[in-house]
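First comes the structure, then the notes that go with it.
Both backbone and side-chain heavy atoms feed into the values below; hydrogens, waters and symmetry mates do not. Remember, it's a predicted structure, so these values are computed and weren't measured experimentally.
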Amino acid sequence: MEKRRSATDVTSALSNLQLAPDQKSIPSSMISDLIHQAPQKSKPRKLVSLCIGLLGEHLEEIISDLLEISAGFPPEIKLIILAIARRRRLLNDEVLIALAEPSWKLLDVSGSDITDHGLTTIAKICTNLHAVDISRCENVTADGVSEIICQCRSLEIFRCGGGPRCNVTARRCLSLFKPKLHVIEADSWEELDTSSISSGAESLRWLLWPKIDEDSKSILSTECPRIIINPNPSPIGFHGRLKVPIEAFPEIPLDHSIVHDIDPKTWACSVPPTFAGRNVATHPSNEIPLLPLAERFRLAVLSRETRLAPKRAKNARQNRRRAEKEHLTHSIEAKSVALASKFLRNT
């Protein structure tokens, strides 16, 4: 009897039990989201990357002796130093030539002080380049681009534009982007060199020109449809059949894969030397802190003085001529000297 009563009590207790979820508990869907969104444990950086990062933080101190210091470095290490120098606004012709290696496949000098001299020299050394970025290089003209296209016969990806002057340079290079065939008379094809048959960017496939004008785009699309302008990356590829290479992604810097294992603090601590008043578009991965207020004020005053110097010199010349004319008008001695000199010239 007691067992039957205890069983009845347990049954009634279970029927009255409310299995309401605890308000403090986390739903299973949210737990799944948290698991997927949890940050993955980052791998420790390589010892080589740590050493290069330390070297990059003091790049200003060794920039004058970079040719001797980097003489024994492997080509891939030199390319990393080049990428750090570009992000620290230290890249110029001397640094580029000192680090140049014939085995380089890509070259990113965007936003630097590279000129036609440095680009011509690097084109003769690095003839195996297949990706080049000269965007926002205001000192580069069509002559430097011509050397890159003529010397680097494997060039597939080319980035240009990025500013008013850079867009003008890119428009002047339209004829260089389009390959041309030469009429050559010879006895057999075996005797001809491939470089003598045609000229121009024969292997160019991807052209990244952010603010290309409609006329240039129409010319390239009509006369050279093989060149794809500003491709839109997609999971299924371009037009569903052609996969866009990572170097042709406009949002990713060309040398991003080179410095992926370098601490961003390596170039974040640098201050641009003389880039005041220059609108340079940077990627979030290589942002640079603003100049101090005192330095910005000094550069603003210096810019104002430079802008007003011609006007002040013109006003000084006008005041000097006005004073000489007034002196000649009111001074009897000056009048006599002027008349005497005039009389001597006439006689």
Side-chain angles (χ1 to χ4, degrees), residues 82-83 86-87 89 91-93 96 106-120 122-123 126 129-152 154-179 200-233 238 244-257 272 275 277-288:
L82 181 75
R86 184 184 72 83
R87 286 166 168 77
R89 300 294 186 267
L91 184 56
N92 52 25
D93 291 344
L96 179 61
L106 61 87
L107 178 67
D108 189 348
V109 295
S110 57
S112 64
D113 293 333
I114 296 298
T115 64
D116 290 341
H117 170 67
L119 210 59
T120 301
I122 205 71
C126 308
L129 293 175
H130 81 277
V132 176
D133 187 353
I134 62 167
S135 58
R136 307 189 309 276
C137 292
E138 299 182 356
N139 299 324
V140 173
T141 65
D143 296 335
V145 178
S146 176
E147 290 295 329
I148 285 289
I149 292 177
C150 294
Q151 300 293 336
C152 304
S154 302
L155 184 64
E156 298 179 358
I157 303 170
F158 191 76
R159 300 187 181 193
C160 58
R165 186 181 300 178
C166 302
N167 291 332
V168 172
T169 300
R171 280 193 292 270
R172 292 177 178 174
C173 296
L174 286 178
S175 60
L176 301 175
F177 296 149
K178 299 178 295 183
E202 302 174 4
S203 58
L204 183 61
R205 191 61 184 270
W206 312 94
L207 179 63
L208 279 75
W209 185 352
K211 295 183 179 180
I212 182 173
D213 57 285
E214 292 299 328
D215 294 339
S216 302
K217 187 175 182 180
S218 176
I219 292 173
L220 287 175
S221 301
T222 304
E223 301 184 14
C224 192
R226 185 176 184 271
I227 300 178
I228 301 175
I229 305 169
N230 298 327
N232 294 321
F238 189 81
V244 181
I246 190 67
E247 293 85 359
F249 286 15
E251 298 84 4
I252 303 178
L254 187 60
D255 57 359
H256 174 73
S257 59
F275 274 67
R278 187 171 174 181
N279 186 14
V280 179
T282 57
H283 194 266
S285 62
N286 55 3
E287 291 182 353
I288 296 179

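By the side-chain hydrogen bond (donor to acceptor under 3.5 Å, both in side chains) test, Asn92 pairs with no residue at all, sequence neighbours left out. Residues passing the side-chain contact (heavy atoms from CB on, under 4.5 Å) test with Arg226, sequence neighbours excluded: Arg205. With sequence neighbours left out, Thr120 forms a side-chain contact (heavy atoms from CB on, under 4.5 Å) with Lys124, Glu147. Every residue was checked against the salt bridge (Lys or Arg N to Asp or Glu O under 4.0 Å) condition with Asp143, not counting sequence neighbours, and none meets it. Contacts of Ser146 classified as side-chain hydrogen bond (donor to acceptor under 3.5 Å, both in side chains), with partners at least two apart in sequence or in another chain: none. Evaluation of the salt bridge (Lys or Arg N to Asp or Glu O under 4.0 Å) rule for Asp255 yields Arg86, Arg87 as partners, not counting sequence neighbours. Partners of Pro245 by side-chain contact (heavy atoms from CB on, under 4.5 Å), not counting sequence neighbours, listed by chain and number: Ile157, Trp206, Glu247, Ala248. With sequence neighbours left out, Thr115 forms a side-chain hydrogen bond (donor to acceptor under 3.5 Å, both in side chains) with Asp93.
Nearest heavy atom pair, residue Gly162 against residue Pro210, reads N-CD, 4.5 Å. Here the closest heavy-atom approach between residue Arg172 and residue Ala142 is recorded as CB-CB, 4.2 Å. Contact record, Ser203 with Ser154: OG-C, 3.2 Å, taken as the closest heavy-atom pair.
Counting heavy atoms from C-beta on, the side chains of Ile229 and Ser221 come closer than 4.5 Å. Two residues are said to be in side-chain contact when any heavy atoms from C-beta on lie closer than 4.5 Å; Leu82 and Asp108 fail this criterion. Using a 4.5 Å cut-off on side-chain heavy atoms (C-beta onward), Leu96 and Leu107 make contact.
The salt bridge (charged side-chain N to carboxylate O under 4.0 Å, His left out) analysis of residues 212-225, with sequence neighbours excluded, yields the pairs Arg171-Asp213, Lys178-Glu223.
When each of Leu207, Leu254, Val132, Ile134 is tested with Arg159 by the rule side chain to side chain contact (heavy atoms under 4.5 Å, CB included), just one qualifies, namely Leu254. Paired with Leu208 under the rule side chain to side chain contact (heavy atoms under 4.5 Å, CB included), one option of Pro231, Cys160, Ser135 passes, and it is Pro231.
Between the side chain of Asn167 and the backbone N or O of Gly161 there is no donor-acceptor pair closer than 3.5 Å. No side-chain donor-acceptor contact under 3.5 Å links Thr169 to the backbone of Thr141.
Put simply, CD1 on Ile114 and CG on Asn139 are 9.0 Å apart, with the number rounded to the nearest 0.5 Å. The CD1 atom of Ile148 lies 6.0 Å from the CG atom of Leu129; values are rounded to the nearest 0.5 Å. Summarising the geometry, atom CZ belonging to Phe158 is positioned 6.5 Å from atom SG belonging to Cys173; distances are rounded to the nearest 0.5 Å.
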